[in-house]
Amino acid sequence: MDVVKIVGMGLIISLCVILIKQVKPELSFAVLVAGSIIMISMIFEYFTNVFGVLDTIINATGIDQELFQIVLKIIGIGYIIEFGAGLCNDTGNTSIGEKMLLAGKILILVISLPIVTSLFDIVIGLIP
Amino acid sequence: MGIEIIFKIAAIGILTAVINQVLKYAGKDEIATFVTLAGLIIVLVMIINMISELFVTVKNLFML
């Protein structure tokens, strides 16, 4: 199944990184980036299936489509920030990775502001 | 988008290392540095293409 393929790929990539580190240290980062991109691109088709099902559920329940868009955006931002921060931590400079995580949190906060305001309006509406 | 890209990068790295040794042995040190730079640039261009492809797919997938 796909799990075995992914674990095998991960092991091969880390082996290549170790090998390249002796021969040419500056290329080890390139192998790391390429490997992580390959591993993730194997997963993407599952994402599309999941989001298709979620879309139908959202339409069935009549929840505002805009909220689902925001949730998707947050997931996307979270993933990219995680990808970049992980790579930065791998190269050793964790401070840059931390900066990326902080920026990601703030971006997610900014994007989820409409939800907070709509929630606030609903609460205000409830109070007679 | 399979494992062969990893092996391609590894091959480029090893090849540049070998060429470096040969050129160093032949006494042409400055060409050796150029070979190293060339190998590095080729790999970086490949990586940048892959990264842009990844970001485009993520952007389309999550409607960013």
Side-chain angles (χ1 to χ4, degrees), chain A residues 5-6 8-52 55 65-66 68-84 87 107 111, chain B:
Chain A
K5 208 161 58 161
I6 288 166
M9 190 84 85
L11 294 180
I12 290 173
I13 289 163
S14 46
L15 192 69
C16 284
V17 167
I18 294 168
L19 172 73
I20 285 287
K21 210 159 255 183
Q22 267 113 29
V23 175
K24 188 147 305 279
E26 55 270 18
L27 283 190
S28 68
F29 181 68
V31 173
L32 209 64
V33 172
S36 49
I37 289 177
I38 289 172
M39 299 234 337
I40 289 304
S41 60
M42 284 160 65
I43 299 298
F44 267 142
E45 60 267 18
Y46 296 113
F47 266 128
T48 42
N49 305 348
V50 167
F51 287 150
D55 236 1
Q65 184 64 19
E66 218 264 336
F68 183 57
Q69 299 293 343
I70 290 179
V71 169
L72 270 189
K73 269 199 194 5
I74 289 174
I75 295 174
I77 286 180
Y79 165 64
I80 291 185
I81 293 289
E82 183 61 33
F83 176 79
L87 283 182
L107 275 177
I111 280 188
Chain B
M1 186 59 90
I3 196 82
E4 72 274 359
I5 294 176
I6 300 282
F7 297 143
K8 208 184 291 181
I9 293 173
I12 290 177
I14 292 168
L15 201 62
T16 45
V18 165
I19 290 177
N20 255 358
Q21 299 305 332
V22 169
L23 283 175
K24 213 160 280 174
Y25 181 72
K28 300 259 185 307
D29 284 355
E30 62 281 354
I31 298 182
T33 49
F34 291 147
V35 166
T36 312
L37 279 181
L40 203 61
I41 288 169
I42 289 171
V43 169
L44 284 183
V45 164
M46 276 169 57
I47 293 298
I48 286 168
N49 288 337
M50 282 181 71
I51 287 178
S52 65
E53 194 183 313
L54 173 76
F55 281 163
V56 163
T57 44
V58 167
K59 201 178 286 185
N60 299 340
L61 194 63
F62 293 108
M63 274 86 85
L64 280 176

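Below, chain A is the first sequence line, B the second, and so on; all start at residue 1.
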Counting N and O atoms only, with roles assigned by atom type, does the side chain of A:Lys73 sit under 3.5 Å from a partner on the main chain of B:Phe62, one being a donor and the other an acceptor?
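Such a contact is absent between A:Lys73 side chain and B:Phe62 backbone.
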So which atom in A:Ala34 and which in B:Ile47 form the shortest heavy-atom distance, rounded to 0.1 Å?
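Taking A:Ala34 first and B:Ile47 second, the nearest heavy atoms are CB-CD1, 3.7 Å.
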Nearest heavy atoms of A:Ala30 and B:Ile9, plus distance in Å:
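Taking every non-hydrogen atom into account, O-CD1, 4.2 Å.
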[X] side, atom [atom1]; [Y] side, atom [atom2] - distance, nearest 0.5 Å:
X: B:Glu4; Y: A:Ile38; atom1: CD; atom2: CD1; value: 7.0 Å
X: A:Leu32; Y: B:Ile6; atom1: CG; atom2: CD1; value: 8.5 Å
X: B:Thr57; Y: A:Glu45; atom1: OG1; atom2: CD; value: 11.5 Å
X: A:Phe44; Y: B:Leu61; atom1: CZ; atom2: CG; value: 6.0 Å
X: A:Ile37; Y: B:Ile5; atom1: CD1; atom2: CD1; value: 8.5 Å
X: B:Ile51; Y: A:Leu87; atom1: CD1; atom2: CG; value: 7.5 Å

For A:Phe83, which atoms come within 4.5 Å of any heavy atom of chain B: side chain, backbone, both, or neither?
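For A:Phe83, the side chain is the part near chain B, not the backbone.
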Segment of A:Ser41 engaging chain B (4.5 angstrom heavy-atom cut-off):
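Just the side chain, heavy atoms under 4.5 Å.
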Crowding at CZ, B:Phe55 (>12 non-hydrogen neighbours, <6.0 Å)
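Enclosed.
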Does some side-chain heavy atom of B:Phe7 sit less than 4.5 Å from a side-chain heavy atom of A:Ile12?
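SC-SC contact between A:Ile12 and B:Phe7 confirmed.
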Please identify which of these residues, B:Leu15, B:Val43, B:Ile14, B:Thr36, meets the side-chain contact (heavy atoms from CB on, under 4.5 Å) condition with A:Lys24.
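Only one of B:Leu15, B:Val43, B:Ile14, B:Thr36 forms a side-chain contact (heavy atoms from CB on, under 4.5 Å) with A:Lys24, namely B:Thr36.
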